[in-house]
Amino acid sequence: MALAVETEARRGTARRRRLDGIDVARALAFAGMLLAHYVGVIGDREPGWLRGLISPADGRAAPLFAVLLGVGAGLLVARGTPDRVLVQRGALLFVVGCAIWPGVDWVYLILPHYGVLLALVPLLRRIPARWTLPAAGVAFVLPSLIVATVSDHRLRGGRQPGQWSELADFGRLVRHLFWTGGYPLVGWTGFVLVGLWFARQQLAKRAVQVRLAAVAGAIALTQPVLAQLDGGAGWAAALLDGTSHSNHTAWYVLSSATAVGVTALCLLATSSPGGRWRLPLVYLGQCALSVYLAHIVIGETIVWPWRTEAQPSLTEQLAVATAVLAVLTALATLWRQRFARGPVEAVLRRLSG
C-alpha cells in the first residue's frame, strides 16, 4: 500500500514538473487547428456572431503550436536533453510529414515545417537570452521588408507538393519550406524563438504567469488599432497587415502575443494542485502529434469530402468538429491512462532516444 502511494506521488510530481498548463495549451492549439480545418463559411447565410465565434481559430492555432514547440524544446533542453535527440526527432517528423504530404489535398500540412523548426532548436537555443526576442523580431520583420521591396515575392504563394516525385526537387522543396509554403520558416522561426524565450522564464511562479498573461493580452488587444492603421500600400501594408496568415509583421507579433497569453493563462489555471477536470486536456495535449495525424486522416476520408459535397451549414460543421474533438479527446484519455505516451509520440521517442 505504501509503495502504491509513493508511486502515485511520484507520478503526480512528474506531471507537475512537466507543467500541466503547457499540455493544456497544446490541447487548445489542436482544438483550434481542428476547428479551423473542419469548419469553413459557405455562402452568406450564416449569422455573424457564429462566424465571429470560429474566426479566432484561423490564424492563431498554428502559431500557438509553433510557440509551444519552442517552449517544449526549451524545457527539454533545461532538463538536459541532448541536441542530437532534438535533431533526430525533428528529422523524423520531417520524414513523416514528407511521407504523407502529397496525400493531403485540403489543408496546408504543418508537419514538415514543424520538423525543420525542431531540428533548428540546437542552433536557436544558443542565441543569448537577452537577444532571443530581438532575434524573433528580426524574423517577424524580414518577410515584410522583402514583400515591400520585391514585386513578385510569392510569399505563401506556392502549392504544396502533390506528388512524391516533387519532393526530389531540392530547390523547390527548400523554397516551399522557407518562403512559398503555408508556413514560411523565414518568419515562423520567430515563433520558436518566442517559445524558447518563454521557456527561460520562471514559469512555476504565479507572479510570472500573471505578468506574462497581462503583457501579452495588452499587445494582443492592439489588433483593432492596427486594423484601422492598415489599408495603405507598400510599407504600411507589409508591416501592419494583421489578417490571418498574412505572414506580415503585425500578424506575427499579434499571434505571438496571443500564444504567450493563452499559455500563461493555462499555467495559471493549472497552478493549483488537483483539478481532475484538466486531465482529459492534459492527455490530449500529450498526444497532440497522434491526434493531429488522426484528424488529417478523418478529414481527408470523411469531413472534407462531406463538406464539399453536402454544403452543410456552419452549425452542422461545428457539430461534426465538436464530435470529432470529443472522440479524439476520449481516445487520448483512455490511451494515456494505460500508456506513458501517445502512440506516435512513443514511437518517435523510441527511434530518437
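Only a predicted model underlies this, so the values are computations on that prediction, with no experimental measurement involved.
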Self-check item: Full working for side-chain contact (heavy atoms from CB on, under 4.5 Å) between L19 and L203
Solution: CA-CA 9 Å; L19 294 175; L203 299 180; 4.0 Å; yes
What pairs of donor and acceptor atoms, side-chain ones from residues 60-77 against any protein atom, are under 3.5 angstrom apart with sequence neighbours left out?
{"from": "R60", "atom 1": "NE", "to": "T258", "atom 2": "OG1", "distance (Å)": "3.4"}
{"from": "R60", "atom 1": "NH1", "to": "S255", "atom 2": "OG", "distance (Å)": "3.2"}
{"from": "R60", "atom 1": "NH2", "to": "Q223", "atom 2": "OE1", "distance (Å)": "3.1"}

With side chains defined as the heavy atoms from C-beta onward, is the minimum distance between [X] and [Y] less than 4.5 Å?
X	Y	answer
L328	L34	yes
I296	W304	yes
V24	V282	yes
L284	L325	yes

Self-check item: Donor on one side chain, acceptor on other, S271 and R206, under 3.5 Å
Solution: yes
Quiz item: Sub-3.5 Å donor-acceptor pair from the side chain of R156 to the main-chain atoms of G182, do we have one?
Solution: yes
Quiz item: Is there a donor-acceptor contact under 3.5 Å from the side chain of Q286 to the main chain of D23?
Solution: no
Exercise. Determine, step by step, whether R341 and L348 satisfy the side-chain contact (heavy atoms from CB on, under 4.5 Å) criterion, reporting the C-alpha distance in whole Å, the side-chain angles of both residues, the deciding distance to 0.1 Å, and the verdict.
Key: CA-CA 10 Å; R341 295 174 184 84; L348 193 68; over 6 Å; no
Quiz prompt | Option from N247, L177, T189 for which side-chain contact (heavy atoms from CB on, under 4.5 Å) with P184 holds | solution = N247
Quiz item: Partners of W251 by ring-ring contact (aromatic ring centres under 6.0 Å, His included), sequence neighbours excluded?
Solution: W188, F191, H245
For residues 133-144, please give each side-chain donor-acceptor pair under 3.5 Å, one per line with the distance, not counting sequence neighbours.
{"from": "S144", "atom 1": "OG", "to": "A238", "atom 2": "O", "distance (Å)": "2.7"}
{"from": "S144", "atom 1": "OG", "to": "T249", "atom 2": "N", "distance (Å)": "2.9"}
{"from": "S144", "atom 1": "OG", "to": "T249", "atom 2": "OG1", "distance (Å)": "3.0"}

Quiz item: According to the interplanar angle, ranging from 0 to 90°, do the rings of H295 and F30 count as parallel (below 30°), tilted (30 to 60°) or perpendicular (above 60°)?
Solution: perpendicular
Anything under 3.5 Å between a donor and an acceptor, one on a side chain of residues 91-117, the other on a protein residue two or more places apart or in another chain? List them.
{"from": "W101", "atom 1": "NE1", "to": "Q160", "atom 2": "OE1", "distance (Å)": "3.0"}
{"from": "W106", "atom 1": "NE1", "to": "E300", "atom 2": "OE1", "distance (Å)": "3.4"}

Self-check item: side chain to side chain donor-acceptor pair (under 3.5 Å) partners of S352, counting only residues at least two apart
Solution: R89
Quiz item: What pairs meet the side-chain hydrogen bond (donor to acceptor under 3.5 Å, both in side chains) rule with one or both residues in residues 115-130, with sequence neighbours excluded?
Solution: D83-R125, D83-R126
